[in-house]
Every structure is written in structure tokens, then in C-alpha cells.
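The first residue in the sequence is number 1, and the count goes up from there. First listed ligand is number 1; within each ligand, the first listed atom is number 1. Just so we're clear, the structure is a prediction, and the values are computed from it rather than from any experiment.
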Amino acid sequence: MAVPRVTMDVGNDAVAVITIHNPPVNALALPILAGLKEKFLEATRRDDVKAIVLTGGGGRFSGGFDINVFQSVHKTGDRSRLPDVSVDLVVNTIEDAKKPVVAAVQGLALGGGLELALGCHARIAAPRAQLGLPELTLGIIPGFGGTQRLPRLVGLPKAIEMMLFSKSILSEEGKKLGLIDAIVSPEELLKVSRQWASDIADRRKPWISSLQRTDKLGSLSEANEIIKVAREQAKRTAPNMPQHQACLDVIHEGIVHGGYSGVLKESDVFKELVLTDTSRGLVHVFFAQRATSKVPNVTDTGLKPKPVKKVAVIGGGLMGSGIATALILSNIYVVLKEINTDFLSKGIKLIEVNVQGLVTRKKLTKDKAEKALTLLKGVLDYSEFKDVDMVIEAVIESIPLKQKIFSEIEKACPPHCILASNTSTIDLNIIGEKTHSQDRIVGAHFFSPAHVMPLLEIVRTEKTSAQVVLDLMAVGKAIKKVPVVVGNCAGFAVNRTFFPYTQSAHILVNLGVDVFRIDRLISSFGLPMGPFQLQDLAGYGVAVAVSKIFADAFPDRTFRSPLVHLLIKDGRNGKNNGKGYYIYQKGSKPKPDSSVLPIIEEARRTTNIMPGGKPITITDKEVVEMILFPVVNEACRVLDEGFVVRASDLDVASVLGMSFPSYRGGIVFWADTVGPKHIYTSLKKWTEVYGNFFKPSRFLEERATRGVPLSAPVSSTSKSRL
Ligand SMILES: C[C@H](O)CC(=O)SCCNC(=O)CCNC(=O)[C@H](O)C(C)(C)COP(=O)(O)OP(=O)(O)OC[C@H]1O[C@@H](n2cnc3c(N)ncnc32)[C@H](O)[C@@H]1OP(=O)(O)O
């Protein structure tokens, strides 16, 4: 691995080009920051240098401060590892240098990388360079002066949008906003930047310190109003995260007391936020997500992914149409197969609606939408399957139907074709039982809506070949999903881990706890909605089918709640027919439906589990724990039985597939934050009172007793299914 370094070359034009070399993204590791200081001081000292250009090697300016440093601060609690860069390097050494500095930006300038460029006296960029301050996604705020300089260059509303929503822009937009001074081709970038720096030194171009500017800030009252609106919005969109309000506090400081005062406050707040649980969770998710692309015996074997250009999707329902949408949006040719013209046109219509929805929400241009739809072809037979590289079956969860389809596609497709199923629960060995192609059979489990949700759970059986897994991972990345490779068991890793979630919610209701209170508490914890609203959204058919599969697979820990059947008997089917636990009316938010209460009473009478026939008294915290600890318990079994490569894969899957709050780091990380011992003793106590559903797993018991985190690697004696 190349050693991170900073180089300096001084040309005949008396311009020193200082270059950051730290592949792949030129992260600002501590030696890089030290190297920058040293080279800037040297350039300032040398008489043969009149101006400086700062750039990054390998076609990228910089992906920002080295996030590994945050991780080591999280492990040690030692904040002194965070360097004092903002004042010492950016203000004193770069912005206040006696020689002008120009940033030559290409590829990307993110976080601390962009902040270095903001401290320069001009910025020249190559086309389509990505510029942004995504620090809030790591639970912190920009810490190298970005909260002060960005508003001064692009105005307060745009700067707040870029920081609070971590929204990056391209250099073309940056030019329009005044963030970038000129856009030139990559070949010309250094030449023009050197000339620009020379021109500033010779006073042919203005020498501007961003921190001193106030022309784009507007009046104090305007600024106050903008910040107030942003605060209200952040309260709604990021209620459990401190960094949003903190960022606005720091921006406000700079508006009221000047940029330098803002920089000082920013530096303090940045360091405080690094040690919050939010930052710990988000930094963990950042690395955990990247770790999912490393799969032992697959990505370390020297195999290369084979191109997948044409995919057949079988079934044009909600899932099939979503999957087809995701594929065509990434330029993959799709054949959609249905059993009759009526279903086929419905499937195609759903895809068109999906694509149009993205255009309406401004996530896709009209041109790209039209181009994507030209890649779709609807068919009623297998004749188009003769040259497909992959089939994704997405029909209803019926074993005989899936077995029939797999026998047919084995004959209809070329021998290299990947045979994937989007089943969310059925054992893949059973699906492929009637074929001779077990090595090509794999699960491609998308989450609904498939063109929006980022997770792709790749289910590998003992027979699936490494090449097939690798190819599917590559397809997943090509369609902008995060592929997580898991083993083959009932519900696979994600649905299996989360099956106790709805179950425990039903136990609580049958113990006398109010459904709407449960939903409110789970939403406040950070999931987008509670278990009952989620059940309404999915429709009760799904709830019945899924609970049957888990009841068969795990009868010892299944709670049979009569509630859903009673709701169906009452003519309810959740959001589908507008009536569930909530009432759904077009254009308004779901309203709790009090007429559901007698049905709940009936369920309670049937189960009769309330101690002494009276509703239990329980705190808000206990409600959340009684719903989530059984999920942690199941996660422990999934880890113990070796169905995921590493614990952090379950964290990523829970965040991207189940919308578990990323700022809590994912299900296992959160459990370790809460403490295995507390989880174990709580489950044990509930088992005594409420039965075996809560019984702690062997893995949890052992780790809690030995004081080992749940995320610590599973011992090599355990059986890995991967
Ligand atoms: C003081 C400052 O204000 C604080 C900061 O600057 S905090 C940092 C702000 N910057 C960011 O948040 C950017 C984070 N990085 C990214 O979003 C993306 O990595 C990227 C857009 C730069 C590149 O994406 P992509 O090309 O898909 O590559 P990706 O797989 O993500 O990253 C490549 C490698 O670089 C590493 N990396 C990326 N950015 C990094 C960073 N800022 N620090 C350390 N490592 C980083 C990744 O961990 C990965 O390592 P691996 O190969 O060992 O898994």
C-alpha cells in the first residue's frame, strides 16, 4: 500500500504545486495534514515561490478528513487525537498566507477536502467534480471552517441545504453559485490554476479570503429568519440527532459575531460531537457498509465479475416491477414476463408509474426516464430468455409454482445464466430441488419498494458458486444497491432477525398496552413507523403468510395473536382498503381508528394473557425494549448459526432493509450500546413472567455472562453457512 504523502513541485513560473497523495480518495489522514502544514510553510518561506496551487493526486481532490481517526477516538475516548486544523492550517497557514493559494479540484472535494479548498483564495474545477459537506451524516459538523466559509460563498439558504441534507453539488452548479471560479478540462486544470495563482500574486485577479466576505449573507434579520425556519425543519426531520441544531448554532455564531468567532465555536462543537452516540453509530455504519463488499471465499479469490447486460424478471407485481425499474434505471436491458396480457400490461404500467414518480420528485430527468423505458420489453413466453444473463423470479410465495418456474428457466436460459429468486422466506434449496443447476441458484431478496430501498440481500446456499455470488454483488452495485451476502435459512438474515418485532408488539397489545402508544414510541425511537402502521402498510395477507412461515420454522418462539384474523373478519386490510388500525384517506395522514379498540379487546379476551386479567403497567422505555430485545435475541441466533459474514452486516441490513435508525448504528451495534447484560437479564425476567417467546439465546447468555460484546467475532468453531 502506498504511504500517504504530500509533495511539492515548484515550476519556472514560481508557482508551487502541493499535491495530496493518499489513494483511493486522498483522505486527510494525520500525516497528510502534517505534510500539508510543512509544505505550505516551506512554500511561504521560499523566495522562488510567489503563489501556490493545492491539488489531489489520482484525479480526486480529497474525500475529507480521515474517518478512521473518528473511529479511534470512539474506541479510546481520547479527543486529543483530533488535530487543530481549522485555525492553525486553514486560517493561519493557508487563508492568511502571504502568498495566494488556488485549489485545483477534480473528482471530488468532500468534507474537510472541500473546506481546504474554501480556505484557498480561488477554486478552479474540472467538469462534474462532486462538492459537498456530508459531515452531518457522520454525526458531526464540518470542522475545518466549512460552516463559516460555505455560507459566505454560496449564500445562507444554499449552504444550509448542502450541510443539513448533506447534499453535494457538481462543479457546474458550484460555478453558478460562486463557489467555483472557473471550470476547465482536466488536462488544463493545473495549467489554468497556476496561471490564476500567478495572476492573484501579480494583482491581476482579486485576492479573496472567504472568511472575510459578508456580501452574500444578507441582513441579520433575514439570516435569523432563514436559520429559524431551518431549525423547525430539522426538528421534524432529524429529531433525535444533535448535529443539525448544533450546525445551525455555529452558523448563527458566525453571522452575529463574525467568521473567525464562528470558526472557533465550530472547532469546539465539532470536537464535542465526535464523542456522541450519534457519531459513534453513524461512523460505524459508514465502515460497516463498506465492509459488506468483502466476502470471504468470494471477493478474495481473484474471480472477476462477468458482465450482466440482459435480465429477465418473472412476475410484474409490486416486487417484480420494482426490480425491473431498478434495473432499467441503471441501463440494464429487462425482459418482463407475465402469464397473460392483462397482468403484463399492469406490470408495465407499474414500472412506468415508478419511473414517472422519480421524474415528479425530480430524482430523474425526463430524458433519462424515456431512455430507461426503452430498455423494457414485456413477454408472455420464454423465447426471449435464450440470451439472458440472469433471471430474477418474483412471483407469489408458492413452493410448487417456484419449483415449476425454476425447472422451466433451467431449460430456457443459457448455461451461464444466473437463476435468482426474490423469495423473502422460502428455502432456496427447495426452490431449486427439481433442477440440476444448484450452483447457479441464488436469492436476490429486494425490499419493497425495490426501486427505492437500498438493500439487496444475496442469499447463498452451500451449493451456490462463488462466481454467481460475485456477479450478483456486481449487479447489485450497478443498480446502486448495497448487497449483503447471507446464508440460507427461514427468513434469511433480515426477515428472520426481525420476525419477533411484530410478534412482541402483538404480545404487548394482548397484555393490555395501547397499539397507538406502541407505534408512537417506536417512531420516537427512530423507525419511520411503528409495527402496527407497518402491518397496515404491507396488508394483512402478508402478515398472515409470514407468521405462518415463522410459526412452522420456530414454533418454540411464536406467539399466535388472533388480532390480524379478527381485523380481516371485520373487513379491514390496512392501507389497501383504507381501514386498519388506522383510517387512511387520500391526502391526509393516517388517523388512529378508535373503532378498532373493541376488536383488540376481543383478541385480549381470546389470548387471556394479562396477569390477573388486568392490563400491565409498563414504562415507555420498557415498551421499546420488549419489542426490540427479542429482535436482538434473534440476531444473536443468526450470528451464532453463521448466517452472516460479520455482525456489522446485520447492522447494515437492519438500517437499509428495515429502516432501523442509522444513528443508532444498526441492531447489533445498538444492542452493544445498551449492554448485552441488561438485554439478557430483561429477557430472562420476561421469560419467567410471559413465557418462552422471550427466552434468551445461548449466544446472548454466554456473551452477557462473559461480558463480551455481541459484535465480537464468532469463534471459528461455530459453523459458518457462508
Ligand atoms: C473536519 C471535517 O469537516 C470532517 C470530515 O471531513 S469528515 C469526512 C467527510 N467526508 C465524507 O463523509 C466522505 C466519505 N466518503 C464517501 O462518501 C465515499 O467514500 C466517496 C464518495 C469519497 C468515494 O466513494 P466510492 O468511490 O464509492 O468509494 P468507497 O468504497 O466509499 O471508498 C473507498 C475507500 O476509501 C475509504 N474512504 C472514503 N472516504 C474516506 C474518508 N474520508 N476517510 C477515510 N477513509 C475513507 C473507504 O472506507 C473505502 O475504504 P475500503 O476500500 O478499505 O473499504
Original post:
Who are the residue neighbours of ligand 1 when the rule is a heavy atom under 4.0 Å from any of its atoms?
Top reply: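 Close residues (ligand 1, cut-off 4.0 Å): Pro24, Val25, Ala27, Arg60, Gly63, Gly64, Phe65, Asp66, Ile67, Asn68, Phe70, Leu108, Leu110, Gly111, Gly112, Glu115, Pro134, Glu135, Leu138, Pro142, Gly143, Phe144, Phe270, Phe286, Phe287, Arg290, Lys294.
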
Original post:
Who are the side-chain contact (heavy atoms from CB on, under 4.5 Å) partners of Ser293, not counting sequence neighbours?
Top reply: Lys477

Original post:
Residues two or more places apart in sequence or in another chain: which of them pass side-chain contact (heavy atoms from CB on, under 4.5 Å) with Ala125?
Top reply: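 Val105, Ser171, Ile180.
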
**OP:** Report yes or no: is the cationic atom of Arg290 (NZ for Lys, CZ for Arg) closer than 6.0 Å to the six-membered ring centre of Phe286, at no more than 45° off its axis?
**Re:** yes

Please report, to 0.1 Å, the donor-acceptor pairs under 3.5 Å made by any side chain of residues 135-148, with sequence neighbours excluded.
| residue | atom | partner | partner atom | Å |
| --- | --- | --- | --- | --- |
| Thr137 | OG1 | Pro134 | O | 2.5 |
| Thr147 | OG1 | Glu266 | OE2 | 2.5 |
| Gln148 | NE2 | Val250 | O | 3.1 |

Original post:
Do side-chain atoms of Ser62 reach the backbone of Asn26 as a donor and acceptor pair under 3.5 angstrom?
Top reply: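 Yes: the side chain of Ser62 pairs with the backbone of Asn26.
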
Original post:
Given side chains that start at C-beta, do those of Arg152 and Lys216 come closer than 4.5 Å, heavy atoms only?
Top reply: no

